[in-house]
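Quick notes on the structure that follows.
Residue numbering restarts at 1 for every chain, and letters A, B, ... go by the order of the sequence lines.
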Amino acid sequence: MSSIPEELGYSKEHEWVAGLDDGRVVTIGITAYAAEQLGDVVYVQLPEVGATVQAGDAVGEVESVKSVSDVYCPVSGEVVEINEAVVDDPSLINSDPYGEGWLFKVRTTGEAEELLSAEEYAALTAGDS
Amino acid sequence: MSRSTPLHGVHESLGATMVDFAGWRMPLRYGSESAEHRAVRTAAGLFDLSHMGEIFVTGPQAPAALDHAVVSRVSGLAPGRARYTMLCAPDGGVLDDLIVYRLSAEEFLVVANAANAERVAAELAARADGYDAVVADRSAAHALLAVQGPRSAEVLAAAGVADLDLGELRYYAVRPAKVAGIGALVARTGYTGEDGFELFVATDDAVRLWRALAAAGEPYGLCPAGLAARDTLRLEAGMPLYGNELTTEVTPFDAGLGRVVDFGDPGEPREFVGRAALEAARDAADGPRRRLVGLVARGRRVPRRGYAVVNAAGGAVVGEVTSGAPSPTLGKPIAMAYLTGPAIGRMIGNVADERIEGLAVDIRGRHEPVDVVDLPFYRRNR
């Protein structure tokens, strides 16, 4: 069973969102469950800093040995920072998906799409790994 | 409902990610597939290949029956030797690629891909009709374990090999022996581009043999390797995968594997199923209908199966990717693709070494430049 930190929000597309409660800038990554499903990540394409994103948009891609997946942005706003370290070393997504493997930060405007709690996300992914 | 191999419990206890493949529940990876790949290139990997089909053809006319059934002359094999060959339809399309092991004068083991095993057994039985030969699909009675990598021979020796001098077992040779006290057919064959062994054992012995090999191999860096690593290893080695590079729609000549087809000597032509169509494919004045090539991407995005190969200048579709992956050894995305039409025009008439340039692969809407290279992508130092 992969870890699912309590304090994060989750999308059905397996992104996590940090910092929803304490600020307007949130951090987004993909979950340990998603990283396990992908296998070794070899390439990450992230949105440009300054890009305007809408909740639900495909804003990047994560490519592993066996597959390629879109990265969806679960919130609306402006991309203010991307994780250059993960672009250089995509294996950070496998080794530390909730930490060093974060993907990008968004200054939010308006509402986030409805996010799942850790408990709800656990239920979504239970019995499937 | 997928079938499980006798090693299913072992894979689960190792925490493998399991996938459905060709009707079987198989280990995709145990941890990092890239690490498994590198272990096979530098040390050794242990594979469960029990999904493969083991079909025995026996009898006084087994050699003649197989000569008629497949595109190679396997009657010419000495006992204890093996050959890579294909089973083709009368129209020349590939029904499966096979390794045929001659176990004795009148006994052959035909190893078929899992997805095709039943069909191959039925086809061989039909083609053996009228010959004094018996075709028996004994897949269920057999497990197949492979040890692949430069340290494979050391791993087997450490596990204990009796009744066989491993050093004397040449590439594409097979002998009955005991490994870790377990009766096995030991073949020096594989699908990784490395030295290695394939061990056919009774289903009931699979777990015991796996544990013995895993324990004996640990000091040599042996680690279990799943289907993901197997796929990138064979792709680097330029080996075709049935369902990707080989289908009923292509002939061995399309796949660049015309050398496996043996038409016999001009004075003594060989008769086999598909001969007329394959002769026509060989002699087609305008060359093969398509040509399998290797591609190396310049960027980091990966060409994958089904993606279109395009002319970078005009965007015209000139082919299709059959397999693609990031290559752990090259550090770049690699692919195999069929080129069709004008793209292969310049390669016809034995001017294959003239480079085809200016190609790209349509990777999810963006044309990513690729270079055409000779296969294989990787060749081990011997």
Between these two chains, chain A and chain B, I want each donor-acceptor atom pair under 3.5 angstrom written on its own line with its distance.
residue: A:Glu36; atom: O; partner: B:Arg29; partner atom: NH1; Å: 2.8
residue: A:Gln37; atom: O; partner: B:Arg29; partner atom: NH2; Å: 3.4
residue: A:Leu38; atom: O; partner: B:Arg29; partner atom: NH2; Å: 3.4
residue: A:Asp40; atom: N; partner: B:Glu33; partner atom: OE1; Å: 3.0
residue: A:Asp40; atom: OD1; partner: B:Ser32; partner atom: OG; Å: 3.2
residue: A:Asp40; atom: OD2; partner: B:Ser32; partner atom: OG; Å: 2.5
residue: A:Asp40; atom: OD2; partner: B:Glu33; partner atom: N; Å: 3.2
residue: A:Asp40; atom: OD2; partner: B:Ser34; partner atom: N; Å: 2.7
residue: A:Asp40; atom: OD2; partner: B:Ser34; partner atom: OG; Å: 2.7
residue: A:Glu61; atom: OE1; partner: B:Arg301; partner atom: NH2; Å: 3.0
residue: A:Glu61; atom: OE1; partner: B:Arg364; partner atom: NE; Å: 3.0
residue: A:Glu61; atom: OE1; partner: B:Arg364; partner atom: NH2; Å: 3.1
residue: A:Glu61; atom: OE2; partner: B:Arg301; partner atom: NE; Å: 2.9
residue: A:Glu61; atom: OE2; partner: B:Arg301; partner atom: NH2; Å: 2.8
residue: A:Glu63; atom: OE2; partner: B:Val302; partner atom: N; Å: 3.4
residue: A:Glu63; atom: OE2; partner: B:Arg304; partner atom: NE; Å: 3.1
residue: A:Glu63; atom: OE2; partner: B:Arg304; partner atom: NH2; Å: 3.0
residue: A:Ser64; atom: O; partner: B:Arg304; partner atom: NH2; Å: 2.5
residue: A:Val65; atom: O; partner: B:Arg304; partner atom: NH1; Å: 3.1
residue: A:Lys66; atom: NZ; partner: B:Asp231; partner atom: OD2; Å: 3.4
residue: A:Ser67; atom: O; partner: B:Arg304; partner atom: NH2; Å: 3.1
residue: A:Asp70; atom: OD1; partner: B:Arg364; partner atom: NH2; Å: 2.7
residue: A:Val87; atom: O; partner: B:Arg300; partner atom: NH1; Å: 3.4
residue: A:Val87; atom: O; partner: B:Arg300; partner atom: NH2; Å: 3.1

By side chain to side chain contact (heavy atoms under 4.5 Å, CB included) - contacts of B:Ala312 (at least two apart)
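For B:Ala312 the side chain to side chain contact (heavy atoms under 4.5 Å, CB included) partners, ignoring immediate neighbours, are B:Ala360.
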Indicate the atoms forming the closest heavy-atom contact of B:Leu213 with B:Leu222, along with that distance.
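Scanning both residues, the minimum pair turns out to be O-CD2, 3.2 Å.
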Closest non-hydrogen atom pair, A:Phe104 against A:Leu46
CD2-CD2, 4.2 Å
Given 3.5 Å as the limit, does a donor-acceptor pair link the side chain of A:Trp16 with the main chain of A:Ile30, or not?
yes
Could you check whether A:Tyr121 and A:His14 have their ring centres less than 6.0 Å apart?
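Yes, close enough.
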Decide yes or no for A:Thr109 and A:Glu78: does some side-chain heavy atom of the first lie under 4.5 Å from some side-chain heavy atom of the second?
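Answer no - side chains too far apart.
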